[in-house]
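The structure under discussion appears below in the form of structure tokens.
Proteins get letters first, then strands, A, B, ... in listed order; numbering begins at 1 in each.
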Amino acid sequence: MRQLWKIAYRDLARNRRRSLLTLVAVALGVAMLVTLTGLYAGLMEDSIENNIRLQTGHLQVRDDSYDQDKVSLAWEDLLDNSQEVAAQVQAIEGVRVASPVLWASGIVSTREESVGVRVFGIDPLSDLHKSVRDGLVAGEYIQPDDRSGILLGRRLAESMGVSVGDQVSLLVNTSNQQADEAAFTVRGLYHTGVPTYDDITVLLPLSKAQTFTRTEGRASAIIALLENRERAEAIAGALSTPGLALLTWREMNQVILQAVETSMGITYLMYLIVLAVVAVVIANTLLMSVFERVREMGILAALGMKGRQIMAMFLLEAGTLGLIGVALGLLLGSLGVLYLATAGLHLGEMATVATAEVAYGEVIYGDFAPGPTFVVAAAAMVIILLASLYPAWFAARLEPIDALRSQ
Amino acid sequence: MEVIRLQDATRVYKIGEVETHALRGVDLTIHDGEFTALVGPSGSGKTTLLQLMGCLDKPTSGRVLLKGEDITQLSSNKRADLRRGTIGFIFQFFALIPGLSAYENIELPLLLSGVNGNKRKDRVMELLHAVGLSERTKHRPDQMSGGEQQRVAIARALATKPVLILADEPTANLDTENGRQVMEIMLRLNEETGTTFVCATHDPRVVPFARRVVELRDGRVSDDKRL
């Protein structure tokens with residue numbers, strides 16, 4: 001075997017250009033797949049993390065009858081003693097922060113523009129909304145007792161042509177299925193880096209939101225962030241109470257998680273296509289190598305090389321090219337992921353095409369995914385060896401005297 | 001002692017519907033240490049005969065015996081094993097592996113036979129010396145003259161100390177001087193090592209080197225004389 005490897009290695013070495021081109025093809029193919037895998041892993045992880053920090057949290061407590069799609073404000077759908085429940089949740093070990101929120105739908109208007117928005121009534125002092133507080137880019141953050149202040153996303157403000165200190169009119173649905181309208185002063189503008197959030201979300205202090213919507217101290221949900229998100233199910237189990245619905249981040253991010261699963265099919269198809277190209281390149285290289293060396297095969301056969309040794313020699317050549325190519329590809333691909341993880345990929349306006357449930361950031365950061373990367377590398381190796389079977393078999397079944405006769 | 005014996009060997013090639021009778025019943029015995037020239041016009045069956053003796057091909061009918069053992073119906077793997085240890089080939093077109101140095105070409109059969117390390121190295125150097133190419137170790141075929149390439153091929157054929165060396169028109173692509181050198185080397189190695197040589201040729205310059213001349217005509221032995 002060592003001898004065969006030596007012969008195979010020498011053959012690769014004497015056809016430097018061909019070997020190099022094949023290596024480059026394998027390496028680029030694998031590098032592309034590894035980078036894409038990293039980008040994809042990062043995209044999905046970022047999207048889930050964005051959604052958790054801005055919208056769902058790790059755990060939510062709602063009234064059993066609350067229907068999020070309807071953004072219901074009916075008293076029976078809301079939590080009555082929201083401050084107490086929040087305090088209870090906050091007291092559980094492993095809960096970092098818990099705070100009540102009130103959700104309503106509304107319309108923000110200026111004299112020229114009207115935009116449909118989601119109105120979030122929040123406790124401005126809670127760390128739950130740290131992302132918005134840290135994302136303040138103009139003006140001031142709202143205070144709990146502010147009766148006329150409102151926070152807008154910068155993108156929304158820009159599109160409506162308003163800035164800090166301007167008045168806007170906000171129309172909301174109320175608990176008795178009426179609507180109410182009032183004027184608010186834009187206190188500040190925030191920028192979270194997630195366009196689908198910033199474009200349609202306005203924030204009010206919780207108490208103001210409650211009086212405005214006539215929900216009288218009630219909240220839509222208690223949102224909690226945990227120290228470790230993997231404990232969400234366990235903590236939800238501990239909190240289980242009749243009449244309350246407990247939702248984990250996994251349940252609330254079903255859309256993204258399902259998107260991950262469905263798009264995996266497409267991703268795998270793409271992987272297959274790239275790997276098929278790599279396979280064709282390898283098979284082509286080896287077939288060319290066989291055709292060029294028919295007479296050599298005859299000489300080797302005359303020297304006493306058996307068919308299966310000739311086959312093994314070709315497989316060794318392919319395996320060597322494959323191993324080095326895949327290793328180079330892993331290296332290059334990992335560098336690509338490293339670049340994506342540090343510099344990120346700027347999506348800009350493209351991020352706004354996502355739906356509100358899938359919170360793509362304006363910048364996507366890659367994330368090295370060891371499992372899928374290993375699968376890509378192993379699949380590339382297997383496909384390379386499979387692709388080399390035919391040329392190797394072809395070389396092995398050449399009759400020595402026919403091979404010798406070829407010029 | 002006999003090295004190889006053909007008994008009523010025929011070889012018919014079928015190309016489409018056309019049958020070509022390359023050999024029409026050859027009886028021939030080659031003995032240990034002989035240096036035989038196989039002569040005859042093109043198409044008389046010299047190469048086919050060499051291929052049968054060299055276990056590269058099977059006869060259509062008749063038998064081939066190597067050292068008394070019937071090798072006619074051996075599988076291709078068994079024939080490969082036999083070639084590796086027992087038979088050396090020298091071809092008209094030198095047949096070196098391009099891209100490999102003189103040293104590496106000679107090393108090939110030793111690698112295939114599993115000769116290891118220093119033993120292999122010593123054998124290659126010994127052979128390079130024997131064919132007068134000690135200085136050309138690292139040269140590749142395209143950096144050597146035809147004569148030098150054929151000398152490398154001779155060294156390679158001898159590497160595993162085979163009992164029989166089959167040369168197919170070894171001088172056909174060489175000028176007079178190089179042809180003479182190659183024949184002299186083969187003859188010297190035949191005398192020094194006792195290796196049996198069969199040399200198919202239609203080069204009249206080769207005949208004077210031979211100790212036995214077998215003439216083929218139309219696929220049959222037409223003359224067999226010892227000089």
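- Residue contact with chain A, scored on non-hydrogen atoms closer than 4.5 Å, involves the side chain of B/Leu108 exclusively.
- Ring orientation note: the planes of B/Phe35 and B/Phe197 are close to parallel, at an angle under 30° on the 30°/60° scale.
- Neither the backbone nor the side chain of B/Arg79 comes within contact range of chain A; no heavy atoms are under 4.5 Å apart.
- With a 4.5 Å cut-off on non-hydrogen atoms, B/Glu104 touches chain A through its backbone and its side chain both.
- Ion pair A/Glu317/A/Arg18 not flagged as a salt bridge, since none of the NZ, NE, NH1 or NH2 atoms sits closer than 4.0 Å to an Asp/Glu carboxylate oxygen.
- Interface summary for chain B: among A/Glu399, A/Arg308, A/Glu296, the most heavy-atom pairs under 4.5 angstrom belong to A/Glu296.
- Of the residues considered (B/Ala80, B/Pro109, B/Pro162, B/Gly88), B/Ala80 shows the highest number of contacts with chain A, using heavy-atom pairs under 4.5 Å.
- For the pair B/Asp81 and A/Lys306, the salt-bridge criterion is met [side-chain N within less than 4.0 Å of a carboxylate O].
- Residues B/Leu164 and B/Thr86 have side chains not in contact (no heavy-atom distance under 4.5 Å, counting atoms from C-beta outward).
- Under the 4.0 Å criterion applied to side-chain N and carboxylate O atoms, B/Glu126 and B/Arg123 are assigned as salt-bridge partners.
- For B/Pro98, the parts lying under 4.5 angstrom from a heavy atom of chain A are both the backbone and the side chain.
- Heavy-atom pairs under 4.5 Å with chain A peak, among B/Asp57, B/Asn77, B/Thr47, B/Leu100, at B/Asn77.
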